[in-house]
Amino acid sequence: MKFNERVFSGMQPTGSLHLGNYLGAMLQWIELQKSHECIYCVVDLHAITVWQEPEELKRSIRQVTAAYIAAGLDPKRSIVFNQSQVSAHAELAWIFNCVARLGWLARMTQFKEKAGKDRENASVGLYAYPNLMAADILAYRATHVPVGDDQKQHLELARDIAQKFNNDFRAPIEKAGYGDGGFFPQPEPVIIGPATRVMSLRDGTKKMSKSDPSDLSRINLTDDADTIARKVQKAKTDPEPLPSEAEGLKGRPEAENLVGIYAALTGATVQSVLSTFGGSQFSSFKKELAEAAVARLAPIADESARLMQDPTEIDRILADGAARARAIAAPIMDEVKDIVGFIRS
Ligand code: AQP
């Protein structure tokens, strides 16, 4: 069977979104909604794999939704909702918990990074996170998943789960009329865009992340112009001037990151940025970088703040998106239950 192209992706409401989320994933999301049926989720079930203050979580769900819309997602065209409103995610995740193998999850580098040394104390949910992510995508039989580079390994696992489900249940799947392609598609990662891995402003070897304790490590999509300029000013650099060739960025992670961000924000290539700024000190480059970041991000922060003044409207958008998402997932889940051998009324 040929699968219709459908896009699914999500972000965690674990704080404000940042420049990495924006350049690494969201710009692709905005582009794809012009040509595809897109489902964009605020993945609150994923968020609680680490502790979230309940009131803060509610605020973050609305804040992330506001940022999606302020950045350019159109909730009429795309489906925008929070994950916990559609039970198919959790239901299918449980089935996938029984399809995926422990050994597969044990290889996931994100779990190792997030659990750190205190593995015994990490939640079971954090370990099983990639199974829920596979369920998010496959509950809609989505074919394309625009994400940043850090999600590549999880996407590979989602593909393995889809394939194992198709193999394990081959007979009932064929009986249900699904031939060669199997029941679930192999979802394709879409890891393209101006910057698929944006690094921390404080350490060019670590990815920019919501959970980094230092707010100076990231530019949030809620930061105002002064805050953005201050963070760029304080960004870690090395003492050398900028090189004129891309080759000269090797072994200089902070310089490479800042040049990459500037190129992504202005639509230029890294080489053309270096042709302009090669030989300059960071101080003059940072001024230009701050201007480019403010020009691009300050309007998003303003619009987010405006949307956040009407939480009822945000909740209405989420409810509408959830109803549309349920309508797609429900018949798929009915078929999954038949295939697995459950009785349903
Ligand atoms: N630094 C980054 N560069 C490029 N893309 C990134 N993404 C995240 N950080 C970067 C992409 O943004 C999407 C949503 O990510 P997420 O919120 O689901 O979780 P995450 O990847 O774990 O992001 P954070 O900021 O690091 O969150 P915390 O700290 O809460 O874990 C994904 O497509 C991701 O690839």
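The shown structure was predicted, so the numbers you read here are calculated from the model rather than taken from an experiment. For ligands, and for the atoms within them, numbers begin at 1 and follow the listed sequence.
Screening residues 313-345 for ring pair (Phe, Tyr, Trp, His ring centres under 6.0 Å) gives no qualifying pairs among residues at least two apart or on separate chains.
Not one N or O on the side chain of E303 forms a donor-acceptor pair closer than 3.5 Å with the backbone of A67.
Closer than 4.0 angstrom to ligand 1 lie heavy atoms from G10, M11, Q12, T14, H18, G20, N21, G24, A25, K114, V147, G148, D150, Q151, T196, R197, V198, K207, M208, S209, K210, S211.
Between F8 and H36, the ring centre distance reaches or exceeds 6.0 Å.
In this structure, the side-chain hydrogen bond (donor to acceptor under 3.5 Å, both in side chains) partners of E91, at least two apart in sequence or on a different chain, are K337. R170 meets the side-chain hydrogen bond (donor to acceptor under 3.5 Å, both in side chains) test with N167; sequence neighbours excluded.
For K112, the NZ atom counts as densely surrounded, since its 6.0 Å shell holds more than 12 non-hydrogen atoms of other residues, nucleotides or ligands.
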